[in-house]
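Because the structure is predicted, anything quoted here is derived from the model rather than measured. Computation of the quantities below employed the complete heavy-atom set of this structure, encompassing side-chain atoms and omitting hydrogens, waters and symmetry-equivalent molecules.
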Amino acid sequence: MGNRGMEDLIPLVNRLQHALGSAGQSCSLHLPQIAVVGGQSAGKSSVLENFVGRDFLPRGSGMVTRRPLVLQLLTADTEHGEFLHCKGKKFTDFEEICREIEAETQRITGSNKGISPVPINLRIYSPNVLNLTLVDLPGITKVPVGDQPADIEYQIRDMIMQYICKDNCLILAVTPANTDLANSDALKLAKDVDPQGQRTIGVITKLDLMDKGTDARNILENRLLPLRRGYIGVVNRSQKDVVGKKDIKAALLAEKDFFLSHPSYKHMAESMGTPYLQKTLNQQLTNHIRESLPGFRSHLQSQLLSLNKEAEEFKQFSPDDPARRTKTLLQLAQRLAVDFEKLIEGSGDTVDTVNLSGGAKINRIFHVRFPYELVQIESDEKKLRQEINYAIRNIHGVRTGLFTPDMAFEAIVKKQLSCLKRPCIKCVDMVSQELISTLYQCINKLSSFPKLQEETERLITTEIREQESKCKEQVLMLIEIQLAYINTKHEDFIGFTTAQQTNNQANKKTHAGMAANHGVAAPSRLIVIRKGWLTISNLGIMKGGAREYWFILSAESLSWFKDDEEKEKKYMLPLDNLRFRDVEKTFMSSKCVFALFNTELRNVYKDYKSLELACGSQEELDSWKASLLQAGVYPEKVAVDEQGNGAPENFIDPQLERQVETIRNLVESYMSIIYKTIKDLMPKTIMHLMINSVKEFISSELLAQLYALGECSALMDESTEQQKYREEVLRKHAALKEALAVIGKFSTSTCTTPLPPPVDSSWIRPSSPTLPKKTSVRVRGHAPSVPRVPSNASSKSTDSLQQIARQHHRAPPSVPRRHLPAIPNVK
């Protein structure tokens with residue numbers, strides 16, 4: 001009676017699919033589809049209805065099935081149907097299912113015999129079916145009618161090929177017994193994709209309609225036109241039976257009586273009929289599942305191992321246990337402190353290789369962003385000299401001064417010291433924002449307890465803001481301390497005498513240095529500040545367009561090479577009189593761009609007034625800006641104020657010019673000391689007052705403040721998402737254990753049905769209709785025409801295909817292409 005493990009197969013697959021599906025997993029056994037292929041009115045739909053035991057498919061003459069129907073049969077306690085396009089609606093009336101199929105077909109194809117490859121998906125739940133997936137395909141036709149296109153035959157063939165080309169698709173080649181089997185289109189298509197016959201089953205219908213005195217015994221005994229899996233005969237209801245509402249159960253009994261009483265078929269009645277066809281298909285299903293079980297079992301076992309630890313914790317978890325809540329609160333607070341410190345100190349368990357975060361960003365603020373902000377406040381040379389000029393002249397008043405006034409020096413220094421407040425406060429703000437971002441990154445792990453997460457975020461954010469305020473007060477105090485006393489006795493300060501000597505000897509040193517180096521700058525000027533890739537983005541197409549080069553920035557020049565081997569230099573640009581400015585992004589580019597230009601309006605590169613350089617990210621752009629500042633290339637600034645006081649003024653008095661130069665050297669020397677001091681003190685101050693204080697608060701005081709809220713029990717209320725997640729993990733864990741147990745039972749209770757031996761099926765020639773000359777039909781791209789293959793060549797190619805397939809134990813996957821049908825010329 002076939003496979004004795006088949007009775008266990010249906011509940012097994014149902015439990016696998018239902019259990020894993022409810023746990024959010026998919027049963028990846030990839031059960032085979034069964035495609036029903038045959039000519040028009042061959043009885044394909046009747047075969048499907050016999051499987052279900054209900055009348056639910058449209059009936060009539062001509063082409064009734066005009067869209068593929070993917071029919072999934074599922075064993076269930078109740079009987080109903082569901083359509084994919086009608087989600088949530090259950091059809092208990094099978095006549096209503098039939099009407100819905102007709103309506104959905106007409107919605108896409110119209111009412112005049114049009115066809116469409118878009119499938120209709122239908123699930124039938126019933127206690128009387130086996131778990132199978134069947135595809136009812138349109139019947140193969142030759143002549144277009146109604147709205148059907150001229151190449152209707154080939155559209156249908158292509159539609160069929162999309163299903164039967166798959167290796168896991170079993171092919172039911174349906175052929176009426178009252179037609180010539182050698183001309184069966186279904187067998188020809190099956191031969192094209194399955195030349196070895198490993199997944200093709202011949203189905204002979206309408207045995208009761210053969211002429212008197214004839215039978216299909218030779219065919220059913222697989223002697224006339226043999227197939228590897230042979231033929232199965234079935235007797236469907238006639239149109240009269242369908243119209244008369246003859247019950248399918250009665251029709252199956254009549255089918256059994258027909259085979260038992262017919263003299264030509266009674267000796268093989270046990271291997272004929274719809275029940276035997278169902279059993280045969282289920283045997284193939286069993287074989288497929290057995291072959292898929294080892295890999296599937298390994299996949300389930302690996303998933304089970306990954307869930308074991310978490311599932312055990314959840315099993316012992318009691319949401320309402322006060323001791324459990326207290327312990328969990330303590331563990332989460334400790335874990336938060338550890339994670340926050342690891343992100344700040346850079347010793348995390350996982351290393352981000354894509355973006356900077358936590359301590360690395362703060363380090364970049366200290367040593368890249370903050371120095372860049374400091375340089376931005378420095379006045380350019382002309383503006384500084386102008387301010388010194390005005391200060392000296394205002395101090396002298398109506399008198400002409402003979403000596404350089406030290407009050408001018410103090411006034412300029414104090415003005416520049418006051419300008420330090422803005423970048424210092426901005427540095428504190430940036431670090432504070434980064435601490436809050438780091439907090440959000442850590443606190444996401446508390447999302448299972450929304451109230452705890454909210455209170456923890458509030459407490460730590462408040463602490464950060466308090467420490468930020470203290471830090472700003474301390475920073476402003478540092479600047480006030482510098483303003484309180486100008487220490488001209490600092491060991492690194494050059495003093496008035498040295499400043500004057502520097503002014504007098506500057507030109508002499510320059511000329512002497514150039515002469516000693518034979519016109520080459522001093523070695524300190526050749527120190528490389530930065531290397532990296534940049535794209536010159538403003539070159540015209542005629543000159544090569546935007547290209548990427550390897551740039552080297554030194555204290556004296558900016559050079560670029562073809563590549564990072566630094567062998568082929570393209571250009572060297574001196575840094576004299578260069579400034580840089582930002583360039584807005586275009587809508588077609590995501591790169592960050594800045595431009596170099598000459599303050600004297602000279603060409604920077606060839607005939608270009610500016611050189612636009614692009615890099616990949618804002619961080620890279622900021623880094624290049626900081627390097628340019630280090631090399632003495634400053635950002636663009638407007639030197640003229642609203643009253644026009646910033647206009648350049650020529651120094652007519654040589655004595656005043658010398659005094660301005662002296663004060664300028666003194667200011668530069670003193671401010672360099674201040675900048676070094678501020679650059680050193682700012683990171684230390686922020687680290688002590690903000691970062692370390694926040695770390696100490698999280699590790700020592702956070703838990704106490706959470707307890708002080710007096711709502712410890714309410715803080716540990718789980719979120720709905722966490723409850724669902726815990727239930728899902730436990731359900732998935734149980735489903736995986738159940739699936740593995742069921743698989744173990746299945747593998748010991750079923751047996752494999754061996755594949756029948758090969759037969760000589762060379763009688764089936766791959767179909768290639770003849771296309772008359774001087775005819776052309778527009779076809780779709782996936783079905784182009786090919787030259788006709790002669791019969792002797794076809795036979796040879798078939799033999800060679802069989803040899804190849806025997807070597808690889810599978811059919812060649814390619815789908816043969818066909819000629820188009822001829823369209824007669826109408827005169």
Side-chain angles (χ1 to χ4, degrees), residues 352-357 360-361 363-365 367-376 378 380 423 426 430 434 526-638:
D352 189 351
T353 58
V354 179
N355 297 307
L356 293 179
S357 62
K361 273 194 174 181
N363 179 275
R364 181 172 171 271
I365 292 171
H367 302 296
V368 177
R369 295 292 302 277
F370 180 59
Y372 175 69
E373 295 293 333
L374 287 180
V375 175
Q376 277 191 321
E378 294 183 13
D380 60 19
K426 185 176 180 180
M430 288 190 292
E434 188 55 42
L526 299 179
I527 296 175
V528 175
I529 298 175
R530 183 179 175 84
K531 295 182 179 182
W533 291 98
L534 288 173
T535 301
I536 302 178
S537 61
N538 64 327
L539 296 184
I541 297 178
M542 298 299 294
K543 297 186 178 181
R547 288 192 59 184
E548 193 175 33
Y549 295 99
W550 179 257
F551 279 75
I552 298 180
L553 174 65
S554 67
E556 188 175 85
S557 65
L558 179 66
S559 306
W560 57 90
F561 297 79
K562 180 180 179 182
D563 50 41
D564 54 2
E565 294 182 0
E566 302 178 10
K567 293 182 179 179
E568 185 178 344
K569 181 183 285 188
K570 293 295 183 180
Y571 197 78
M572 185 180 73
L573 177 64
L575 300 183
D576 298 336
N577 299 321
L578 284 188
R579 293 287 185 271
F580 66 84
R581 61 170 175 262
D582 290 328
V583 178
E584 292 185 3
K585 292 182 181 180
T586 62
F587 72 97
M588 297 182 63
S589 174
S590 60
K591 290 193 173 184
C592 300
V593 186
F594 66 95
L596 295 174
F597 65 95
N598 192 291
T599 57
E600 299 180 354
L601 303 181
R602 296 179 180 177
N603 291 343
V604 176
Y605 173 62
K606 295 184 179 179
D607 55 346
Y608 291 93
K609 292 292 184 183
S610 65
L611 187 67
E612 294 185 2
L613 303 176
C615 45
S617 64
Q618 185 65 38
E619 293 181 3
E620 191 176 356
L621 176 65
D622 293 341
S623 182
W624 272 103
K625 286 181 180 179
S627 300
L628 287 170
L629 292 173
Q630 186 179 349
V633 180
Y634 300 104
E636 177 183 26
K637 289 191 176 182
V638 180

Filter on side chain to side chain donor-acceptor pair (under 3.5 Å), then keep only pairs touching residues 612-621, sequence neighbours left out; what's left? Q618-D622
For the residue pair S623 and R530, confirm or rule out a side-chain donor-acceptor distance under 3.5 Å. yes
Closer than 3.5 angstrom, by distance alone: can the side chain of K609 be matched with the main-chain N or O of F597 as a donor-acceptor pair? no
Among V633, I529, L596, whose side chain to side chain contact (heavy atoms under 4.5 Å, CB included) with L558 holds? L596
side-chain contact (heavy atoms from CB on, under 4.5 Å) evaluation trace for L534 with W624: CA-CA 10 Å; L534 288 173; W624 272 103; 3.6 Å; yes
Do the ring centers of Y605 and W560 come within less than 6.0 Å of each other? yes
Return the CG to CD distance between L575 and E556, rounded to the nearest 0.5 Å. 7.5 Å
Non-hydrogen atoms of K606 and Y571 that approach each other most closely: N-OH, 4.4 Å
Quick one: pull up NZ in K531 and OG in S559 and give me the separation to the nearest 0.5 Å. 11.0 Å
Between the side chains of K591 and S537, is a donor N or O closer than 3.5 angstrom to an acceptor N or O? no
Distance check, rounded to the nearest 0.5 Å: D576 atom CG versus N598 atom CG? 9.0 Å
If you compare all heavy atoms of D563 against all heavy atoms of W533, which two are closest, and at what distance to 0.1 Å? CA-CH2, 3.6 Å
Taking atom OG of S610 and atom CG of L578, what is their separation to the nearest 0.5 Å? 11.5 Å
Can you tell me how far CD1 of I365 sits from OH of Y372, rounded to the nearest 0.5 angstrom? 15.0 Å
Verdict with supporting geometry, W550 and D564, side-chain contact (heavy atoms from CB on, under 4.5 Å): CA-CA 6 Å; W550 179 257; D564 54 2; 3.6 Å; yes
Reported CG-to-CZ distance for the pair N577 and R602, which is rounded to 0.5 angstrom: 7.0 Å
Could you please spell out the steps behind the side-chain contact (heavy atoms from CB on, under 4.5 Å) verdict for L611 and N603? CA-CA 9 Å; L611 187 67; N603 291 343; over 6 Å; no
If you draw a 6.0 Å radius around NZ in K562, do more than 12 non-hydrogen atoms from other residues or ligands fall strictly inside? no
Of the non-hydrogen atoms in F561 and I552, which two are nearest, and what is the gap between them? CE1-CD1, 3.4 Å
